[in-house]
Protein chains: 2
Amino acid sequence: MTPAPGSPGDVLTLIGAGSATTRSDLARLTGLARSTISQRVDALIECGLVEETENGESTGGRPPRQLRLHTDGHAFAGVDLGATHCRVVLMDMSGGVLAECEDPLLVAEGPEVVLGHVDERLDRLLAETGRPRAALRAIGMGVPGPVEFATGRPNNPPIMPGWNDYPIPEHFAGCAVLVDNDVNVMALGEQRNAFPGARHLLFVKIGTGIGCGIVAEGRLHRGAQGSAGDIGHIRVSGHEDAGCRCGNSACLEAVAGGAAVARRLTELGTPAETGADVVALVQAGNTQALRLVREAGRLVGEVLAGLVNFFNPEVIVIGGALSRVHEHLLAGIKETVYRRSLPLATHHLSIVPSRTGVNAAALGAGILAIEHYLSPDNVNRLVTA
Amino acid sequence: MTPAPGSPGDVLTLIGAGSATTRSDLARLTGLARSTISQRVDALIECGLVEETENGESTGGRPPRQLRLHTDGHAFAGVDLGATHCRVVLMDMSGGVLAECEDPLLVAEGPEVVLGHVDERLDRLLAETGRPRAALRAIGMGVPGPVEFATGRPNNPPIMPGWNDYPIPEHFAGCAVLVDNDVNVMALGEQRNAFPGARHLLFVKIGTGIGCGIVAEGRLHRGAQGSAGDIGHIRVSGHEDAGCRCGNSACLEAVAGGAAVARRLTELGTPAETGADVVALVQAGNTQALRLVREAGRLVGEVLAGLVNFFNPEVIVIGGALSRVHEHLLAGIKETVYRRSLPLATHHLSIVPSRTGVNAAALGAGILAIEHYLSPDNVNRLVTA
DNA sequence: GACCTTTGTTCGCTCATCGGCGAAACCGGG
DNA sequence: CCCGGTTTCGCCGATGAGCGAACAAAGGTC
């Protein structure tokens, strides 16, 4: 069942979201009596979730005591596992970054090695910030492949050999662990940080591959098998010759992904191997690279145009390695989307570059963890315990 | 705020969904005391929402009194407005059809004429079934164009001249009116009637135009501007010569819609004007028509393949005029989807013809009305009043 | 300094909910 | 046919959560 209205969890949600900073605000918003609110707040302070700061501004009467999340004593981790790197961010309850680190690490080394590394890094970051391991409440993790979110088990991930069906949460005993696809957590992070008002948002990651995180009604849409957002293998017209690693041809990823652009550039006489090489060439002013990036944008835009008609988002965020040269990429994308999508859907549509940058996935994963811990259900459990 | 757990609304939801048929069931499911449940049930009986039938089967002790929705005394209407027809269905609270009617009616005649017609038909159906007008609790309506759902106003509908921004609900005073796109209500009806277990479902309507209703997490996804699901103008590869009424070319609708197939058939020497003509030709065994329908299926399948990767539904339902020859249409669709979509997404995917047929939109609209009336919030309001 | 405004707490009161008890209803065994 | 076992359901006293009034605290205003 849904939690009761005005429960401690709801009260905390209002404080955490910044909708209410005083007891009076809470009474007004929830409709509960001031005395009841005081009880709730006392309970939340009791168990360390809320703290009182000094008096706020008077509006003519007694100045209200300000309330906010009690960030000390709780820590959350966001983990970004990429094909070749591991980024760990330690966050407080309000989403602020306490410490972070990144290391090269091959996800292909398998779960024991990689999760051991994460564990060690977590300990180090906790020590750096002077917190005991017990302060760590929840871990969010983004991984480069499909995951069954409910159980935290990767589902036949193509670039994570040895991880299939591995129960990641069991590796971190005594701590809630939420595992999701990396693009999903990036979408979540971007929506919560940069576009809290947007209920429907797409996050498109253009790196070696191309993926999409979907926020619908303010929540992540994962689909029936958790594979939603896999747009890298949607067909684009006029490129039947481009073979893809998935076995089909004319996949978006095979013509507009970082690796594909690099390969074409090589064919044209400018050696490049990865998306990063392409970015470097564009930044150095190579016009051929620039032209190809813009063309890649058009191809991505062709697919997005269809998805805009289908999904009708308010915001599309473009991220990933290639987005470092987003002026040119975005130009191609916008050109095609605004030409090929319906006016009603594009009229209020924003297409923007990612604002969270390299930390996007780790931050989003941390937010996943924090929101889980601060969900009304969980808070009610904590308070009554 | 969310309604309290175990509120009258929740209790009614459990009874309505068939999850609980006795007081004991309710106590077990809600966790409330048996005495509390009795109070709730009494209140619901008091205001005519629930009725007690005679004793059920004993399981060794006293046989429980069965509970079910009290369908008498409440009526709901589902209205399906098409470009050239108007279908009205009168339903009881459990979704059963009490009476129905259909008339040819041009939506282009404008809101006053059309809604006046609807009003008159409603009165007639109510009289037929011996119910007073006051028994009508809510009206659901599906219209052939985009609608702002919250206000029930059409939003620049291309084939509904005179309806732009017209406040449809105001025409039916004293009765809740919910207006949505016709494809959305068809999707809802199909999901609730035929696939209650499917949380993510697409309903694709292939008629003159092509549209798609989206059910995500069991609820309709309407998108930011209420234009989600407009897949008729997604580009398909290799048909740059096909101009579309929207001004672009190579739109799905312009190559695979009923009108487009008919036009091609005409070009090939077999005169046809509408999708219905095409259906008739296929049913008569015309192999050219059959081939074109199958080809249309492939084109729809190409678009759906991308949407399957993006959205990852459990079920895709194919409806609309052309689906009367669904064997051939589905063959083309499945062929392409299973070839072009990712295995993870297609493994548990069903692609099936519509089961509700010609009544789909009206039934779905009625369900929209019933679910609104039986929503926990509304029921709590009714009970306390 | 008197008075007003706003905030926060204390303290009875009320009412919803709980849980136990007994009645009702049905089954099966002696 | 009677009687204990079992399950359902209404009644009723006990309980506790939430409410609102009254009061205390803290600041502004004239």
Side-chain angles (χ1 to χ4, degrees), chain A residues 1-12 14-15 19-47 50-68 376 379-385, chain B residues 1-12 14-15 19-47 50-68 376 379-385:
Chain A
M1 287 284 158
T2 51
S7 66
D10 281 348
V11 170
L12 188 72
L14 289 169
I15 298 174
S19 318
T21 61
T22 71
R23 289 170 170 80
S24 296
D25 284 351
L26 290 168
R28 211 174 312 118
L29 287 169
T30 62
L32 296 176
R34 288 207 310 276
S35 50
T36 309
I37 291 296
S38 272
Q39 262 178 233
R40 296 269 187 278
V41 171
D42 286 349
L44 290 170
I45 291 175
E46 186 71 24
C47 63
V50 165
E51 66 181 347
E52 254 174 358
T53 67
E54 262 325 286
N55 293 351
E57 281 298 293
S58 164
T59 59
R62 171 174 172 173
R65 274 183 264 173
Q66 302 285 94
L67 301 172
R68 67 173 179 206
V379 169
N380 289 341
R381 206 175 49 75
L382 292 171
V383 169
T384 54
Chain B
M1 288 281 159
T2 52
S7 66
D10 281 349
V11 170
L12 188 71
L14 289 169
I15 298 175
S19 318
T21 61
T22 71
R23 290 171 170 79
S24 296
D25 285 350
L26 289 168
R28 209 176 313 116
L29 286 169
T30 61
L32 295 176
R34 290 180 302 283
S35 48
T36 309
I37 290 296
S38 271
Q39 255 179 240
R40 294 271 186 278
V41 171
D42 286 350
L44 290 171
I45 292 175
E46 185 72 24
C47 63
V50 165
E51 64 180 347
E52 254 174 358
T53 66
E54 262 327 287
N55 292 350
E57 281 298 291
S58 165
T59 59
R62 169 174 172 173
R65 275 183 264 172
Q66 301 286 94
L67 302 171
R68 67 174 180 205
V379 169
N380 290 340
R381 207 174 49 73
L382 292 172
V383 169
T384 55

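As the structure is a computational prediction, the values presented were derived from the model and not from experiment.
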Report each atom pair, protein N/O against N/O of nucleotides 20-22 of chain D, whose distance is under 3.5 angstrom.
residue	atom	partner	partner atom	Å
D/dG20	N7	A/S35	OG	3.3
D/dG20	O6	A/S35	OG	2.9

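- For D/dG18, the OP1/OP2 oxygens have a side-chain nitrogen or oxygen of A/R40 closer than 4.0 Å.
- The side chain to side chain contact (heavy atoms under 4.5 Å, CB included) check on A/E51 picks up A/R68, A/H70, with sequence neighbours excluded.
- Not counting sequence neighbours, the partners of A/T22 by the side chain to side chain contact (heavy atoms under 4.5 Å, CB included) test are A/S24, A/D25, A/P64, A/Q66.
- Taking atom CZ of A/R65 as the reference point, atom P of D/dA25 lies 12 Å away to the nearest angstrom.
- Rounded to whole Å, atom P of C/dT9 lies 13 Å from atom CG of A/L26.
- Summarising the geometry, atom CG belonging to B/L26 is positioned 11.0 Å from atom CZ belonging to B/R40; distances are rounded to the nearest 0.5 Å.
- Of the candidates B/D10, B/L12, B/V11, B/D10 is the only one forming a side-chain contact (heavy atoms from CB on, under 4.5 Å) with B/P376.
- Not counting sequence neighbours, the partners of A/S19 by the side chain to side chain contact (heavy atoms under 4.5 Å, CB included) test are A/L14, A/A17, A/L29.
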May I have the step-by-step check of side-chain contact (heavy atoms from CB on, under 4.5 Å) for A/V379 and A/L44, ending in yes or no? CA-CA 9 Å; A/V379 169; A/L44 290 170; 4.0 Å; yes
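- Rounded to whole Å, atom P of C/dG8 lies 11 Å from atom CG of A/D42.
- Per the geometry, CD belonging to B/Q39 stands 15 Å off P belonging to D/dC9, to the nearest Å.
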Can you name the atoms? Protein N/O to nucleotides 3-5 of chain C N/O, anything below 3.5 Å, with the distance.
residue	atom	partner	partner atom	Å
C/dT5	O2	A/G60	O	3.4

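- Remark: P of D/dC9 and CD1 of B/I37 are 11 Å apart, rounded to the nearest angstrom.
- In this structure B/R23 satisfies the side chain to side chain contact (heavy atoms under 4.5 Å, CB included) test together with B/I37, B/S38, B/V41, B/D42, B/I45, B/E52, B/R65, B/L67, sequence neighbours excluded.
- Atoms CZ (B/R23) and P (C/dA25) sit 14 Å apart, rounded to a whole Å.
- For the pair A/Q66 CD and C/dT6 C1', the interatomic distance rounds to 14 Å; values are reported in whole Å.
- Between C/dT7 and A/S24, a contact under 4.0 Å exists linking OP1 or OP2 to a side-chain N or O.
- Regarding B/R28, its CZ atom lies at a distance of 11 Å from the C1' atom of D/dT7, rounded to whole Å.
- One distance of note links CZ of B/R28 with CZ of B/R34; it measures 11.0 Å at 0.5 Å rounding.
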